[in-house]
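A short worksheet on the structure shown next.
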There are 2 protein chains.
Amino acid sequence: MSPSRRTRRATGRGHSGGGARHGTAAGQALTGSVEDYVKAIYELAGASGGAAATTDIADRLAIAPPSVSGMLRRLAALELLTHEPYKGVTLTAAGRRAALRMLRRHRVIETYLARQLDYPWDRVHAEAERLEHAASDELIDRMASTLGEPAVDPHGAPIPSREGTMADIPQRMLADQPVGARTRVTSVSDDDPALLRYVASLDIRPGASVTVVERGPFEGPLTVRVSGKGGTERQHVVGLAVARAVNVDAPRGPARRGG
Amino acid sequence: MSPSRRTRRATGRGHSGGGARHGTAAGQALTGSVEDYVKAIYELAGASGGAAATTDIADRLAIAPPSVSGMLRRLAALELLTHEPYKGVTLTAAGRRAALRMLRRHRVIETYLARQLDYPWDRVHAEAERLEHAASDELIDRMASTLGEPAVDPHGAPIPSREGTMADIPQRMLADQPVGARTRVTSVSDDDPALLRYVASLDIRPGASVTVVERGPFEGPLTVRVSGKGGTERQHVVGLAVARAVNVDAPRGPARRGG
DNA sequence: TTGTAAAGTTAGGCGCACCTAAATATTCTG
DNA sequence: CAGAATATTTAGGTGCGCCTAACTTTACAA
Ligand SMILES: [Mn+2]
Ligand SMILES: [Mn+2]
Ligand SMILES: [Mn+2]
Ligand SMILES: [Mn+2]
């Protein structure tokens, strides 16, 4: 006697190892790795449905190119993307859906951590990068609801809706703005904590006003004037790496000097 | 040119696959599976440092016994436990530390979900079972701090301190109490949502007063009188499975009938 | 156009975390 | 105490997710 129930199994797995999970990933639960790949590909290719290159994916995920090559084959088998060997990959509709779902999860978590748990904005990304795979849909929805369905994350990136739609406002890099352009910061790339701390120290945050004062020659540094929230105006010289991490909206005409 | 930085690697892994991670797990990051194993073994063997049996571990984790056998060898290599083949396993000091760390994480998360995100008490366990492996120490500490360093989780289980100590109050099962025993519910086993919903419907929760009125013969059902919070008194007949899931403190003398 | 550099893929391998089938050790029972 | 029942381990195998080394394809430049 003593039933020694031992239900599930057969398909029941633990954390990562063995098991089936093949075929067309329709509604299937994806692995954390697969989730990160589709998210990265979406971010590289853009909402416009362009193609992403193997080495770019490898670079972004810090994975060796042959590993990416192998994974792309699997993602193609799952029908999350189409793979033109030696050319690149393009997400299918299912792939874009999966990517937008992950972007929503990631950004809701970041926003929750920042607003409800006082996380500094340079540390939310790393935490969200792991939690996004572990949280249930219910948890994401409860977080979003608690926050009042936020529209943007702490770095200014838009949060896809529960239904998987996201405003597709074309981003421009501060690095590409001409001298004289007066722009508003929409978002800051969030994967480098040190860079985030640095730009924050310059008052460069979503919503800040930034005017390009001067561009160094030969892809040189930019001199920018930053209008902080308290009406303060400060001028800084920032390198291209920083200027490429800062996204701005369309310039609203060259600002006259000394308005 | 174009540095194509591709730092880390060599030891840098992704979500689960390949890599080193051998030897004595001193301060090492453990895999999610390893974390679940030590937690399960601690719960089975008790704080007293007893031994846990292979099939019991297999049963609790819903994993086939041969898989457990193999994992126990690895846990022994990590010096998280000692393995007496065909006899059982005993956690080492490092193993107990790891287990208590996981118990703290699990229970802090459960408490946070219940108190800050209005999670119903029957759903926090499944969510915590996954998040406990993904959350950083910082996140756990911020949650605990936000909650005011809670001492017990939503099911009444004690939360180990940040330093890894936990009050070791011996638990008694309601199922073992003699007729007439008047006890207070300390905790309820939380792994079966349906059972949790059921006992909550009977007002059996941590803090509730329960008196054993009658015991059915041959390991039969118990008739209990439950004093709810609002001074209500209700009598129920509960099966042994339920009575075994409810933990109570030491009985405070037989209650006289009709006080 | 042809050679070379860069990008991408194939081949082979490893550890993790599972599985089933079969063997073995231990415990219970008559 | 022999045989049966139960517990546990060994043997062999799978998919995931990564790696390095070697090869192939594509892009660029003299
Ligand atoms: Mn992020
Ligand atoms: Mn991630
Ligand atoms: Mn629990
Ligand atoms: Mn777990």
Side-chain angles (χ1 to χ4, degrees), chain A residues 1-4 6 8-23 25 28-38 40 44 51-59 61-78 83-89 133, chain B residues 1-4 6 8-23 25 28-38 40 44 51-59 61-78 83-89 133:
Chain A
M1 290 60 188
S2 99
S4 178
R6 187 182 301 159
R8 308 147 257 189
R9 201 81 55 70
T11 58
R13 253 151 293 83
H15 283 266
S16 65
R21 196 151 40 195
H22 42 48
Q28 285 285 353
L30 307 173
T31 66
S33 280
V34 167
E35 289 174 338
D36 277 344
Y37 272 87
V38 293
L44 285 169
T54 300
T55 43
D56 291 344
I57 302 167
D59 237 59
L61 296 176
I63 288 169
S67 305
V68 172
S69 232
M71 178 62 101
L72 294 182
R73 192 197 329 290
R74 285 181 40 221
L75 297 181
L78 289 169
H83 186 192
E84 192 96 58
Y86 288 100
K87 297 296 181 183
V89 293
H133 313 291
Chain B
M1 290 61 183
S2 102
S4 179
R6 186 181 301 157
R8 305 150 259 188
R9 203 79 55 68
T11 57
R13 251 150 294 84
H15 284 266
S16 64
R21 197 150 38 193
H22 41 49
Q28 286 285 355
L30 307 173
T31 66
S33 280
V34 167
E35 290 174 337
D36 277 344
Y37 272 86
V38 293
L44 286 169
T54 301
T55 42
D56 291 345
I57 301 168
D59 236 59
L61 296 176
I63 289 170
S67 305
V68 172
S69 230
M71 178 63 101
L72 294 182
R73 192 196 330 289
R74 284 180 43 220
L75 297 181
L78 289 170
H83 187 192
E84 192 98 58
Y86 287 102
K87 297 297 179 182
V89 292
H133 312 292

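All of these numbers come straight from a predicted model, not from anything done at the bench. The chains referred to below are lettered A, B, ... by the order of the sequence lines, with proteins before strands, and numbering in each begins at 1.
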Study note, to complete from the structure: In short, B:L44 meets B:A52 closest at the heavy-atom pair CB-CB, 4.2 Å
Exercise for review: For residues B:A64 and B:A58, report the shortest heavy-atom separation together with the two atoms involved.
Suggested key: C-CB, 4.3 Å
Practice item. Would you mind reading off the distance between B:E35 atom CD and C:dA17 atom C1', rounded to a whole angstrom? Key: 15 Å
Under 3.5 Å, N/O pairs linking protein and nucleotides 8-12 of chain D:
| unit_1 | atom_1 | unit_2 | atom_2 | d |
| --- | --- | --- | --- | --- |
| D:dT8 | OP2 | B:T55 | N | 3.0 |
| D:dT8 | OP2 | B:T55 | OG1 | 2.5 |
| D:dT9 | OP1 | B:H83 | NE2 | 2.5 |
| D:dT9 | OP1 | B:Y86 | N | 3.4 |
| D:dT9 | OP2 | B:T54 | OG1 | 3.0 |
| D:dT9 | OP2 | B:S69 | OG | 2.5 |
| D:dT9 | O5' | B:S69 | OG | 3.1 |
| D:dT9 | O4' | B:Y86 | OH | 3.3 |
| D:dT10 | OP2 | B:R73 | NH1 | 3.3 |
| D:dT10 | OP2 | B:R73 | NH2 | 3.3 |

Check your understanding: Rounded to the Å, how far apart are A:M71 CE and D:dC16 P?
Key -> 9 Å
Practice item. Determine whether B:L75 and B:V89 make a side-chain contact, defined as any pair of heavy atoms from C-beta on separated by less than 4.5 Å. Key: no
Point to revise | For atom CG of A:L75 and atom P of C:dT9, their distance in whole Å | key: 12 Å
Exercise for review: Write down the atom of B:G32, the atom of B:H133, and the distance for their closest heavy-atom approach.
Suggested key: O-CE1, 3.4 Å
Check your understanding: Does a side-chain heavy-atom distance below 4.5 Å link B:V68 with B:L61?
Key -> no
**Study point:** From CE (A:M71) to CD1 (A:I57), nearest 0.5 Å
**Key:** 10.5 Å
Check your understanding: Can you tell me how far the OH atom of A:Y86 sits from the OG atom of A:S69, to the nearest 0.5 Å?
Key -> 8.0 Å
Check your understanding: Starting at CD1 of A:I63 and ending at P of D:dG17, how long is that distance when rounded to a whole Å?
Key -> 10 Å
Practice item. Check whether any side-chain N or O of A:S33 sits under 4.0 Å from OP1 or OP2 of D:dC16, and answer yes or no. Key: no
Point to revise | CD1-OH distance between B:I63 and B:Y37, expressed to the nearest 0.5 angstrom | key: 3.5 Å
Check your understanding: Using Watson-Crick pairs (N1 to N3, plus N6-O4 or O6-N4) and G-U wobble pairs, both distances under 3.5 Å, which stems of at least 3 pairs involve DNA chain C?
Key -> C:1-30 with D:1-30
Exercise for review: Provide, to the nearest angstrom, the distance between the NE2 atom belonging to B:H133 and the P atom belonging to C:dA17.
Suggested key: 11 Å
Point to revise | Per B:A64 side chain, nearest of listed nucleotides D:dT20, D:dG17, C:dT20 | key: C:dT20
